Number of protein chains: 2
Amino acid sequence: MALKQQQPLDPAYLEKLQDYYAEHKVIPSYSVLASLWGISAKSWVSECVRRFEEAGYLDWTPDRQLKPGARFFERRLAHDTVQAGLPNPALADGYDLVTIDDYLVRVPSKTSLVRVKGDSMIDAGIHEGDLIVVEQQPNANVGDIVVAIVDNEFTVKYLDREKGAFVLKPANKAFPVIRPKGRLEIFGVMAGLVRRTR
Amino acid sequence: MALKQQQPLDPAYLEKLQDYYAEHKVIPSYSVLASLWGISAKSWVSECVRRFEEAGYLDWTPDRQLKPGARFFERRLAHDTVQAGLPNPALADGYDLVTIDDYLVRVPSKTSLVRVKGDSMIDAGIHEGDLIVVEQQPNANVGDIVVAIVDNEFTVKYLDREKGAFVLKPANKAFPVIRPKGRLEIFGVMAGLVRRTR
DNA sequence: TTGACACCAGAACGATCGTTCTGTAGCTTA
DNA sequence: TAAGCTACAGAACGATCGTTCTGGTGTCAA
């Protein structure tokens, strides 16, 4: 009995495509794919693409352009458990395929970075000099860490509510709660944090 | 005198393209770009692409396919002082541009990511679930935060010395100092930290 | 030995691609 | 007020796209 009626494609095909994508950040055309894979028939490329699509590695834009699928960037970071011997995560898995950028940024046009000044949020693990990844939006929920504009300067604080008015709470007992007069100007909500230590 | 002879394109064009790319991970065709930008002439799309290419935001593959350029993934870094009025970061200058990856990664081939488990480094602002950017190297200096391999697991600790032997010190009094028997296996040195909070 | 199937080559074909050309409305400068 | 430039629109055109069809291997089970 032939149980497997259609084995998965040569994994090398996917790897070559991932390498190409890592270099150029785009999916090539069928004819380029053909030479990339060492195939000389576009019909077969078409079939391979169909199967990668079925497996979730490729997908289509609404405009019927080929694009990476959900599983295309499947990666693992360095594993938390280490196999015998000194592991080489760079070779063991394709951790490099996803950029840190993608990890932190969902909407590039609404995202910017703000450098942290002072220790007022130290208990939230936010240090002086860290970069806060901010999603710009004019409002936020209580409990969010927000970047607000107070006295023409950016300030990073917890958003909270006191007697019906919004207040900004530091994560450091040595700093006072900020109770803005009038409207509280919110620049955006913290979506992430980046720290360089060397 | 006409000093500016060709002003930069509407920044909204680039933002829309970046958002499209963030969603689909490909650069669309000219006709899709036209509808994305609200333009109905491919000739003008072609000209805009030419200028983005000139500015380093777009580029071409060897096969003459459009791809993101070197500056495509730059992020805005908002300055700590805000100019009068509600700032519009997209238009105001006073924004440096950096890519998060470049900011954190100096040697891609020697850099990997390790996810933090537990609270043993909480006093150093390192929380559970954070990603540590690690520069792989077999040795380190006292005072460095290192990623070591203990009992076949990654662990993040301060490197210190006690009676001539290297020890690993947590940044949390609830955790004990680790005194490895025999050789201490260092995976690398912490070069940065990445945290996603939403 | 004969299907049956997987894997691939090659060519045909309409659709879509990006380039290029002409034209025009609005603004600026001399 | 004429000239010049920018920012588009629209159409024409050859090149390239991806689809589809026919056909040829090689392998393996019946």
Side-chain angles (χ1 to χ4, degrees), chain A residues 1-18 20-21 23-69 72 109, chain B residues 1-18 20-21 23-69 72 90-91 93:
Chain A
M1 280 173 289
L3 280 184
K4 56 159 188 182
Q5 44 192 356
Q6 180 186 280
Q7 54 261 58
L9 285 173
D10 189 349
Y13 282 13
L14 183 57
E15 287 173 18
K16 284 177 181 173
L17 178 52
Q18 284 169 332
Y20 185 98
Y21 187 91
E23 185 180 351
H24 295 302
K25 308 285 191 221
V26 283
I27 302 287
S29 73
Y30 279 27
S31 39
V32 175
L33 273 178
S35 65
L36 188 67
W37 287 343
I39 293 174
S40 64
K42 279 195 292 182
S43 57
W44 184 239
V45 173
S46 176
E47 173 64 15
C48 294
V49 165
R50 220 212 70 241
R51 295 191 199 175
F52 279 132
E53 178 200 349
E54 226 168 42
Y57 292 108
L58 289 173
D59 200 357
W60 300 89
T61 68
D63 316 293
R64 298 244 355 118
Q65 189 186 6
L66 204 56
K67 69 165 190 172
F72 190 85
S109 66
Chain B
M1 280 175 287
L3 280 184
K4 55 162 188 181
Q5 46 191 354
Q6 181 186 280
Q7 54 261 57
L9 285 173
D10 189 347
Y13 281 13
L14 183 58
E15 289 176 11
K16 284 177 182 174
L17 178 54
Q18 285 169 331
Y20 184 99
Y21 187 91
E23 186 181 351
H24 294 301
K25 307 283 190 241
V26 282
I27 301 288
S29 73
Y30 280 25
S31 40
V32 175
L33 272 178
S35 65
L36 188 69
W37 288 343
I39 293 173
S40 63
K42 280 196 291 182
S43 58
W44 184 239
V45 173
S46 175
E47 172 65 15
C48 294
V49 165
R50 222 213 67 240
R51 295 193 198 174
F52 279 132
E53 179 201 349
E54 223 169 45
Y57 292 108
L58 289 173
D59 200 358
W60 301 90
T61 68
D63 316 293
R64 297 256 340 129
Q65 189 187 5
L66 204 56
K67 69 165 190 172
F72 189 84
L91 297 179
D93 52 9

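When reading the values below, keep in mind they use all heavy atoms of this one structure, side chains included, and skip hydrogens, waters and symmetry mates. Keep in mind it's a predicted model, so treat the numbers as computed, not measured. Throughout, a chain's letter reflects where its sequence line sits, starting with A, and its residues are numbered from 1.
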Which heavy atom in [X] sits nearest to a heavy atom in [Y], and how many Å separate them?
X: C48(A); Y: W37(A); result: CB-CZ3, 3.7 Å
X: K67(A); Y: W60(A); result: CE-O, 3.8 Å
X: P68(A); Y: H24(B); result: CD-O, 3.7 Å

request  = Would you kindly give the CD1-to-P distance between I39(B) and dT6(D), to the nearest whole Å?
outcome  = 16 Å
task = Please report, rounded to the nearest Å, how far the P atom of dC5(D) is from the CD atom of E47(B).
result = 14 Å
task = Tell me whether the OP1 or OP2 atom of dG10(C) has a side-chain N or O from S40(A) closer than 4.0 Å.
result = yes
With a 4.5 Å cut-off on side-chain heavy atoms, are [Y] and [X] touching?
X: L66(A); Y: F52(A); result: no
X: Y57(B); Y: L17(B); result: no
X: T61(B); Y: Y20(A); result: yes

Taking N or O atoms only and anything under 3.5 Å, show me the protein contacts with nucleotides 24-26 of chain C, one pair per line.
none

query = Using 4.0 Å as the upper bound for N to carboxylate O, is an ion pair formed by E54(B) and R51(B)?
reply = no
query = Where the side chain of Q65(B) meets the backbone of I27(A), is there a donor-acceptor pair that is under 3.5 Å apart?
reply = yes
query = What's the spacing between E47(A) CD and R50(A) CZ if we round to 0.5 Å?
reply = 4.5 Å
ask   = Would F72(B) and Y21(B) count as a close aromatic pair, with their ring centres under 6.0 Å?
value = yes
Dot-bracket encoding per residue of DNA chain D, Watson-Crick/G-U cut-off under 3.5 Å, | denoting interstrand = ||||||||||||||||||||||||||||||
Contacts under 3.5 Å, N or O only, protein and nucleotides 17-20 of chain C:
residue	atom	partner	partner atom	Å
dC17(C)	OP1	S29(B)	OG	3.0
dC17(C)	OP1	S31(B)	OG	3.4
dC17(C)	OP2	S31(B)	OG	2.9
dG18(C)	OP2	Y30(B)	N	2.6
dG18(C)	N7	K42(B)	NZ	2.6
dG18(C)	O6	K42(B)	NZ	3.0
dT19(C)	OP1	R64(B)	NH2	3.3
dT19(C)	OP2	Y30(B)	OH	3.1
dT19(C)	OP2	S46(B)	OG	3.4

